[in-house]
Amino acid sequence: MTDSINPNLLSHSLMSASIQNGPAAYQHWVIILAAGLSTRLGEPKQLLTIQGKPLIRHMAELALATKPQGLIVVIPQNDSKIAAALKVLTVTQGAELAHKLSTDLPIKIVRNPTPQLGMALSLSLAIDNLRTSMSSWPVSESTGHTDDLSVLIMSIDQVRMNPAHLQQLLSTQQDNANSIVTTSRYQDIIGLPLVVKGSMLQDWQSSLSGDKGLRHLIRALPAKAVQSIDAPELTHDIDTPEQLHLARSQGWLDA
């Protein structure tokens with residue numbers, strides 16, 4: 001199930017993040033994987049707050065700040081509170097802001113009916129929706145794919161994520177002709193967030209299963225096709241009460 005958010009129903013701050021002046025924009029879509037059930041944590045991590053905002057909305061603002069062509073957020077099917085955190089009523093906008101906002105920017109909520117099956121299903125559902133959106137992009141004569149489209153994939157609980165790292169991922173991918181994927185690296189692990197060619201993401205879809213994600217597929221690529229950017233701060237995610245306590249004690253999340 002997919003919902004499309006009318007940009008006129010987004011909050012002022014969420015819209016501002018997508019239109020603010022900043023680094024050069026790179027043609028890309030963003031996928032946020034946020035369908036986890038937070039079983040070990042004991043409460044929905046999507047609704048933890050950071051600077052007074054639900055974490056899922058904070059991550060959406062970071063995504064929109066990269067100036068994507070569209071944003072896909074995958075959430076659990078039966079959690080209305082998580083969906084509501086993205087569908088907040090706007091404050092009154094001035095004419096200038098309304099003029100700047102592109103009403104064509106697709107922001108899609110994709111509902112995962114069985115999130116307990118793992119991350120792979122969420123990513124596959126997002127790819128299905130992305131495939132429809134990609135149909136309007138120019139197709140490469142040599143490959144038959146929309147090779148010029150990059151996809152930024154983010155998780156929901158890397159609470160120390162920052163806009164500069166996302167921009168660096170996008171620019172590194174854009175500037176290296178041989179690169180298929182540009183990943184984050186922390187504790188000698190490659191992982192999210194990452195930027196991948198849309199064509200390769202489509203090819204990988206049939207190989208997705210369970211909670212494996214993309215790591216094993218990335219490791220099978222030639223070395224020259226993979227770029228990595230060190231981001232040790234992204235080691236900290238929120239899966240357990242102990243990790244949540246640490247994040248709050250450090251001020252990364254609201255107490």
Side-chain angles (χ1 to χ4, degrees), residues 1-6 9 29-49 54-60 62-63 68 70-88 106-135 151-159 161 181 183-184 189-196 198-220 234 237-244:
M1 183 183 299
T2 304
D3 300 342
S4 294
I5 300 178
N6 182 339
L9 295 182
W29 273 70
V30 181
I31 294 171
I32 299 179
L33 300 174
L37 296 177
S38 308
T39 305
R40 286 187 291 163
L41 184 61
E43 61 181 294
K45 65 179 68 177
Q46 299 92 330
L47 300 179
L48 299 173
T49 59
L55 185 56
I56 191 170
R57 186 172 151 213
H58 171 75
M59 290 299 178
L62 291 179
L71 169 63
I72 296 169
V73 187
V74 188
I75 66 172
Q77 178 168 288
N78 297 317
D79 198 315
S80 58
K81 290 182 179 179
I82 292 175
L86 290 170
K87 290 185 171 182
V88 291
I107 303 172
K108 299 181 180 179
I109 296 177
V110 177
R111 298 173 186 265
N112 184 340
T114 52
Q116 67 274 14
L117 296 182
M119 182 191 303
L121 177 58
S122 289
L123 186 53
S124 186
L125 290 170
I127 294 170
D128 284 340
N129 278 271
L130 184 63
R131 194 186 306 275
T132 301
S133 303
M134 289 172 63
S135 63
V151 182
L152 170 62
I153 305 175
M154 301 168 55
S155 65
I156 187 62
D157 62 348
Q158 290 173 304
V159 294
M161 185 86 70
V181 59
T183 76
S184 302
I189 296 172
I190 58 171
L192 302 179
L194 60 80
V195 180
V196 60
S199 56
M200 182 57 70
L201 191 59
Q202 291 185 81
D203 290 345
W204 280 343
Q205 185 176 16
S206 61
S207 300
L208 297 173
S209 64
D211 271 324
K212 284 186 177 181
L214 296 176
R215 191 171 296 141
H216 67 295
L217 299 170
I218 294 171
R219 286 175 174 160
L234 297 184
D237 54 14
I238 311 297
D239 289 325
T240 67
E242 292 76 18
Q243 291 171 328
L244 176 57

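Positions are given from 1 along the sequence.
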> Partners of Gln158 by side chain to side chain donor-acceptor pair (under 3.5 Å), sequence neighbours excluded?
Replying inline: Ser155, Tyr186
> When rounded to the nearest 0.5 angstrom, what is the spacing between CD1 in Ile32 and CG in Leu71?
Replying inline: 5.0 Å
>> For Lys45, run the salt bridge (Lys or Arg N to Asp or Glu O under 4.0 Å) check against Asp237, Asp79, Asp239 and tell me which one passes.
In response: Asp239
> Looking at Ala35 and Pro115, what are the two nearest heavy atoms and their distance?
Replying inline: O-CB, 3.1 Å
> Any side-chain heavy-atom pair from Val181 and Leu217 closer than 4.5 angstrom?
Replying inline: no
>> So which atom in Pro76 and which in Ala34 form the shortest heavy-atom distance, rounded to 0.1 Å?
In response: CD-O, 3.5 Å
> For Asn78, which residues count as a side-chain contact (heavy atoms from CB on, under 4.5 Å) partner, sequence neighbours excluded?
Replying inline: none
> About how many Å separate CG of Leu192 and CD1 of Ile153, when rounded to the nearest 0.5 Å?
Replying inline: 6.5 Å
>> Could you check whether any side-chain heavy atom of Met59 comes within less than 4.5 Å of a side-chain heavy atom of Val73, counting everything from C-beta outward?
In response: no
> How long is the span from the CH2 atom in Trp204 to the CD1 atom in Ile218, to the nearest 0.5 Å?
Replying inline: 5.0 Å
>> According to salt bridge (Lys or Arg N to Asp or Glu O under 4.0 Å), who are the partners of Arg215, at least two apart in sequence or on a separate chain?
In response: none
> Which residues pass the side-chain contact (heavy atoms from CB on, under 4.5 Å) test with Ala126, sequence neighbours left out?
Replying inline: Ile31, Ile72, Val74
> Could you give all pairs that pass the side chain to side chain donor-acceptor pair (under 3.5 Å) test and reach residues 118-128, with sequence neighbours left out?
Replying inline: Asn112-Ser122, Ser124-Gln205, Asp128-Gln205
> Hey, does Pro193 have a side-chain heavy atom less than 4.5 Å from the side chain of Leu234?
Replying inline: yes
> Between Met154 and Ala63, which heavy-atom pair has the shortest distance, and what is it?
Replying inline: SD-CB, 3.9 Å
> Is a donor on one side and an acceptor on the other found under 3.5 Å between the side chain of Gln46 and the backbone of Gly36?
Replying inline: yes
>> Do Asp157 and Gln243 make a side-chain contact, defined as non-hydrogen atoms from C-beta onward lying under 4.5 Å apart?
In response: no
>> Looking at every non-hydrogen atom in both residues, tell me the closest pair between Leu125 and Pro113 and how far apart they are.
In response: CD1-CD, 4.1 Å
>> Is any side-chain heavy atom of Leu33 closer than 4.5 Å to one of Met119?
In response: yes
> CG/Leu48 to NE2/His58 distance, rounded to the nearest 0.5 angstrom?
Replying inline: 12.0 Å
> Measuring from Ile82:CD1 to Arg111:CZ, what's the distance to the nearest 0.5 Å?
Replying inline: 10.0 Å
> How far apart are the closest heavy atoms of Ala85 and Ile56, and which atoms are they?
Replying inline: CB-CG2, 3.7 Å
> Of all heavy-atom pairs between Leu208 and Gly213, which one has the smallest distance, and what is that distance?
Replying inline: CD2-O, 3.8 Å
> Rounded to the nearest 0.5 Å, what separation is found between the CD1 atom of Ile238 and the CZ atom of Arg40?
Replying inline: 11.5 Å
>> Could you check whether any side-chain heavy atom of Leu201 comes within less than 4.5 Å of a side-chain heavy atom of Leu130, counting everything from C-beta outward?
In response: yes
> Quick one: are Leu214 and Leu123 in side-chain contact, heavy atoms under 4.5 Å?
Replying inline: yes
>> Applying side-chain contact (heavy atoms from CB on, under 4.5 Å), can you list everything that pairs with Gln116, at least two apart in sequence or on another chain?
In response: Leu37, Thr114
